[in-house]
Amino acid sequence: MRHDHLLSAKQLSRGDIEAVLDRAAEMAADPGAVAEAHDDRLLGLCFFEPSTRTKMSFDAAMKRLGGDTIDMGSVESSSVKKGESLADTVRVIEGYADALVLRHPSEGSAKLASEFVDVPVLNAGDGAGQHPTQTLLDLYTIRENAGFEDLTVGIMGDLKYGRTVHSLAHALTNFDASQHFVSPESLRLPRSVRYDLHEAGAQVREHTDIEEVLETLDVLYVTRIQRERFPDENEYRQVAGEYRIDAELLESARDDLTVMHPLPRVDEIAPDVDETDHARYFEQAHNGVPVRMALLDLML
Amino acid sequence: MTDTELRVSKIENGTVIDHITGGQALNVLAILGIDGTSGEEVSVGMNVPSDRLGRKDIVKVEGRELSQNEVDVLSLIAPAATINIVRDFDVVEKHRVSRPSEVTGVLSCPNANCITTESEPVESRFEVLEEGVRCTYCDTIIRESIAAHISVE
């Protein structure tokens, strides 16, 4: 894989994806083999909004490669609080680190950052835009559990603002997957993603009811319906309850259905699903470390 | 001399932009950065009869020949426009607008959460699609009312 930056899942070919997943599988099988692979490298963690999994897994991945991380800390404690532009912030931090991981609340922020620095920028979530490293660990989980052949994926929840959804949808076009999108009308995929899927010739169907497609799915990818997006709390409650998975509902699914979620969940997956063979979301979160190790190894 | 020509007088040197989509003349002026404060001599005809378009706008700018970049950007809101370069009252060049692959610094992104709407040292940049334009930073697609997003200073 030869990219200066990883900004969007759109830039990943099938070959790129498989190179990362193959390397991740090697590293997961023998993490000791790369324990000192990047012991002279520093990764800059620039998180302008809260993150647990993404930040900690990048931190763990870099340290398991023998390198180290530097962290700009919270926005409240950084120069951003004094009004510094993103462009200036990343230009300063590139002098301290060999690569930057950026999480920022604004769409396009990673692309902007990449235009101001020479070190690699890895987009760790830009507003409602993209989250390509999450997609790589999602694909790793899908490959491990369902494989990529004749794959049918259902993606349910907040499709409008869900950056993990946007990245995953783009990436799945590389695998000729059949994609079913399930959401309230108000949270359908944005026009730009539908445009790209159409341009890629993807097999796409949109639904408002999961039961229309559940029994056909190899993978069900659930995302949180974000309460803060709704102007009316009652409107949120009405749709949120309808987009909840529980063990009873999954009785009509295939036995080998893989249920995934980028986490954190609120109430869209009932705790009783955790005890079923379908649940793969904690395994999915754990996959963040080997996948990000592989990505850093290939990009640094 | 036709009625249209009578309404808008001839210019000696400059550019005549003809066959502008009816109602878009003021947006054309915005793209060209003409707001009357710099003393340009400008004539505007709006919603005049046209055989080709039914109704059209026409803009004549004295003493200024448009750059190719300016002409290209006009295509976003006036795809049928013709550009006539005038010297000594004669049309010396006449050509149609063509669609550029990208426009920079002309449109503002309607996505309030796009990084280009914040205080960052970048110009807006849009890829020109078959139908509409797309923000290069946040991917937002504008298909309708592109002129409403013109942000030329």
Side-chain angles (χ1 to χ4, degrees), chain A residues 5 7-11 46 48-49 75 80 82-91 102-117 121 123 125-132 160-163 165-167 169-170 189-199 226 228-229, chain B residues 21 24 27 30-31 69 72-73 75-79 97-153:
Chain A
H5 308 285
L7 308 177
S8 165
K10 284 192 283 183
Q11 72 188 86
C46 309
F48 289 75
E49 63 176 22
V75 166
V80 179
K82 300 172 187 168
E84 185 177 55
S85 68
L86 173 62
D88 279 2
T89 302
V90 294
R91 275 185 285 195
L102 178 69
R103 159 76 58 95
H104 194 280
S106 299
E107 284 99 80
S109 50
K111 176 167 175 53
L112 180 140
S114 73
E115 293 173 355
F116 286 90
V117 300
V121 173
N123 183 3
D126 60 336
Q130 288 272 320
H131 196 349
K160 184 175 183 180
Y161 299 106
R163 55 193 171 202
V165 171
H166 305 160
S167 287
H170 287 303
L189 283 176
R191 174 188 270 175
S192 61
V193 178
R194 280 185 277 129
Y195 175 88
D196 286 327
L197 296 179
H198 176 74
E199 289 288 295
Q226 301 167 87
E228 61 273 21
R229 307 295 188 191
Chain B
T21 311
Q24 293 293 337
N27 289 321
I31 285 174
N69 187 41
D72 287 347
V73 172
S75 71
L76 299 180
I77 60 167
V97 297
S98 62
R99 293 167 68 77
S101 59
E102 189 176 90
V103 291
T104 302
V106 175
L107 303 169
S108 61
C109 186
N111 174 9
N113 210 37
C114 176
I115 193 73
T116 62
T117 66
E118 297 176 18
S119 300
E120 296 291 341
V122 289
E123 288 188 304
S124 70
R125 198 186 316 158
F126 284 80
E127 176 192 358
V128 178
L129 307 176
E130 192 84 12
E131 291 178 55
V133 295
R134 178 179 198 155
C135 177
T136 307
Y137 288 89
C138 75
D139 278 343
T140 294
I141 292 175
I142 313 174
R143 285 220 171 107
E144 303 85 19
S145 308
I146 291 175
H149 303 289
I150 292 171
S151 67
V152 176
E153 294 294 322

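All values below come from the heavy atoms of this structure, side chains included, with hydrogens, waters and symmetry mates left out. Every chain is numbered from 1, with letters handed out A, B, ... down the list of sequences.
- In this structure, the side-chain contact (heavy atoms from CB on, under 4.5 Å) partners of B:Ala78, at least two apart in sequence or on a different chain, are B:Ile20, B:Thr21, B:Ala81.
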Looking only at N and O atoms, which donor-acceptor pairs between chain B and chain A are within less than 3.5 angstrom?
residue: B:Asn111; atom: ND2; partner: A:Glu107; partner atom: OE1; Å: 2.8
residue: B:Asn113; atom: O; partner: A:Glu107; partner atom: N; Å: 3.0
residue: B:Asn113; atom: ND2; partner: A:Pro105; partner atom: O; Å: 2.9
residue: B:Asn113; atom: ND2; partner: A:Glu107; partner atom: OE2; Å: 2.6
residue: B:Ile115; atom: N; partner: A:Glu107; partner atom: O; Å: 2.9
residue: B:Glu118; atom: OE2; partner: A:Ser106; partner atom: OG; Å: 2.3
residue: B:Glu120; atom: OE1; partner: A:Leu86; partner atom: N; Å: 3.2
residue: B:Glu120; atom: OE1; partner: A:Ala87; partner atom: N; Å: 3.0
residue: B:Glu120; atom: OE2; partner: A:Leu86; partner atom: N; Å: 2.7
residue: B:Arg125; atom: NH2; partner: A:Glu115; partner atom: OE2; Å: 3.2
residue: B:Arg134; atom: NH1; partner: A:Asp196; partner atom: OD1; Å: 2.9
residue: B:Arg134; atom: NH2; partner: A:Asp196; partner atom: OD1; Å: 3.3
residue: B:Arg134; atom: NH2; partner: A:Asp196; partner atom: OD2; Å: 2.6
residue: B:Tyr137; atom: OH; partner: A:Glu115; partner atom: OE1; Å: 2.7
residue: B:Tyr137; atom: OH; partner: A:Glu115; partner atom: OE2; Å: 3.2
residue: B:Asp139; atom: OD1; partner: A:Lys10; partner atom: NZ; Å: 3.2
residue: B:Asp139; atom: OD2; partner: A:Lys10; partner atom: NZ; Å: 2.9
residue: B:Glu144; atom: OE2; partner: A:Arg191; partner atom: NH2; Å: 3.1

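- Atom SG of B:Cys114 and atom CG of A:Leu112 lie 9.0 Å apart (nearest 0.5 Å).
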